[in-house]
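Below: the structure, in structure tokens.
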There are 2 protein chains.
Amino acid sequence: MRNTRADVVAAALRVLAGQGLESCSMRRVAAELDVQPSALYHHVPNKQSLLALMADEIVRRVRLASTDPRALCTELRAAMLAVRDGADVVATVEAFRLGSSAVEHRLAELVGADGGRTLLLYTFGHTQSTQTHRQAAEFGALLDSEPGEGSEPGTANAGMGEQPDDLDASFARGLDIILAGLAAAPPRERILPRV
Amino acid sequence: MRNTRADVVAAALRVLAGQGLESCSMRRVAAELDVQPSALYHHVPNKQSLLALMADEIVRRVRLASTDPRALCTELRAAMLAVRDGADVVATVEAFRLGSSAVEHRLAELVGADGGRTLLLYTFGHTQSTQTHRQAAEFGALLDSEPGEGSEPGTANAGMGEQPDDLDASFARGLDIILAGLAAAPPRERILPRV
DNA sequence: ACCTGAACACCGTTCAAGT
DNA sequence: ACCTGAACACCGTTCAAGT
């Protein structure tokens, strides 16, 4: 049975979630589909386009209907964190569409153009940071427990400084600050994002 | 004449600024120094470490002495934008040190831990977005055609939607919003970033 | 329409060996 | 201490050719 473009995107997302962006090569995605690497180029012009489709799929998971900007940002964050390196992929792709991103547009409807963009880019920044930091912590945990014999638990947390997770709460507090700023000095334009 | 570690970092930054992150391979950096690729591993354990040293060098260009958080963020932004893909490199590396970054620490002294982190991660998000967007615009200016996408209507503008540069002003307005939020609801802790 | 097979010009990293 | 040369296991992309 032959593959469709949706199959390629789905396979790529499986590889991304499982092995991360570094290992998400065209060749590995092809292997995931039991197909030669060159076969992918029948469904997708290049790797960048594939990444864009993957980002779209991740973002599609957030419900844009919400009327609460805080909920919207939190959901976007969760959707990105749900996939390994999801924040990097989504943030990079969404940067291309800065004026025409669906999420930005929705946020702009709710809090104005400047507020919407500020919320969006803060969300990207914090979530990328969170994801990188967590992956580094995971990796450090592996290095600590890897050397089979000799070193038993009790070794001080080598490398990482942050507690298990202040990070979701930290994100929420930043959101509060921005929303407080918007309440304090409401924007002049309310509906359309700046083109 | 033999090279030192600083030479390697300098060469890597030259390649980054000139050809971008994609082309900043160990092999190209080695070529920049007229040396075999393997020679680099005498100065640096791997590519990641080299990128970290490059990020440090970029960040060192910002004066931490400033007492104005707005100036600090603007300078950090300028330093990252001054090097091709500088925002990506710095943001990725700084995410590792979330609790212990020098810039974050300084910002936390000025506006509290939550405000500092919010300002920093907003700055990363907006600057990465700006840089990606500008590079895409540059690229689009050369090859002006795109395989059918058609997700978001409203922008008839072929290629890029944003005007030459709202982006610096957009950044400044976001900064205003966050600082207004901090003024409206001042943080309880003033000096130390949260560990 | 969808795929194979082979090729091209690249990667990061390791390691024995030179000076 | 600093570097070479060769190797290993990878990349993205193209293209003629098959079905």
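Every value quoted in this text rests on a predicted model; they were computed, and no experiment measured them. The chains referred to below are lettered A, B, ... by the order of the sequence lines, with proteins before strands, and numbering in each begins at 1.
A heavy-atom distance below 4.5 Å is found between the side chains of A:L76 and A:L120. At least one side-chain heavy atom of A:R117 sits less than 4.5 Å from a side-chain heavy atom of B:L167. At a threshold of 4.5 Å between non-hydrogen side-chain atoms, the residues B:L121 and A:F124 do not count as touching.
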> Can you give the dot-bracket line for DNA chain C, where a pair is Watson-Crick or G-U wobble with both atom distances under 3.5 Å, crossing pairs use [ ], and | marks a partner on another strand?
Replying inline: ||.|||||...|||||.||

Table of protein N/O atoms under 3.5 Å from nucleotides 10-14 of chain C N/O atoms:
| residue | atom | partner | partner atom | Å |
| --- | --- | --- | --- | --- |
| C:dC11 | OP1 | B:S25 | OG | 3.0 |
| C:dC11 | OP1 | B:R28 | NH1 | 3.1 |
| C:dG12 | OP1 | B:M26 | N | 3.0 |
| C:dG12 | OP1 | B:K47 | NZ | 3.0 |
| C:dG12 | OP2 | B:M26 | N | 2.9 |
| C:dG12 | OP2 | B:R27 | N | 3.3 |
| C:dG12 | N7 | B:R27 | NH1 | 2.5 |
| C:dG12 | O6 | B:R27 | NH1 | 2.9 |
| C:dT13 | OP2 | B:Y41 | OH | 2.8 |
| C:dT13 | OP2 | B:K47 | N | 3.0 |
| C:dT13 | O5' | B:Y41 | OH | 3.3 |

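Taking every side-chain heavy atom of A:Q36 into account, C:dG5 is the closest of C:dG18, D:dG18, C:dG5.
Side chains of B:R77 and B:T130: a donor on one and an acceptor on the other come within 3.5 Å. When only modelled atom types and interatomic distance are considered, B:N46 and B:S49 share a side-chain donor-acceptor pair under 3.5 Å. Defined by atom type and a distance below 3.5 Å, a donor-acceptor pair is missing between the side-chain atoms of B:D88 and B:Q131. Using modelled atom types and a 3.5 Å distance limit, the side chains of B:S100 and B:H105 yield no donor-acceptor pair.
Remark: P of D:dC2 and CG of B:D7 are 10 Å apart, rounded to the nearest angstrom. In this structure, B:L40 places its CG atom 13 Å from C1' of D:dT4, rounding to the nearest Å. In this structure, A:L33 atom CG and C:dT4 atom P are separated by 10 Å, rounded to whole Å.
The side chain of A:H43 places an N or O atom within less than 4.0 Å of a non-bridging phosphate oxygen (OP1 or OP2) of C:dC3. Look at B:N3 and you won't find any side-chain N or O under 4.0 angstrom from OP1 or OP2 of D:dC2.
At a threshold of 4.0 Å, the pair A:R134-A:D168 counts as salt-bridged, since one of the basic side-chain nitrogens sits closer than that to a carboxylate oxygen.
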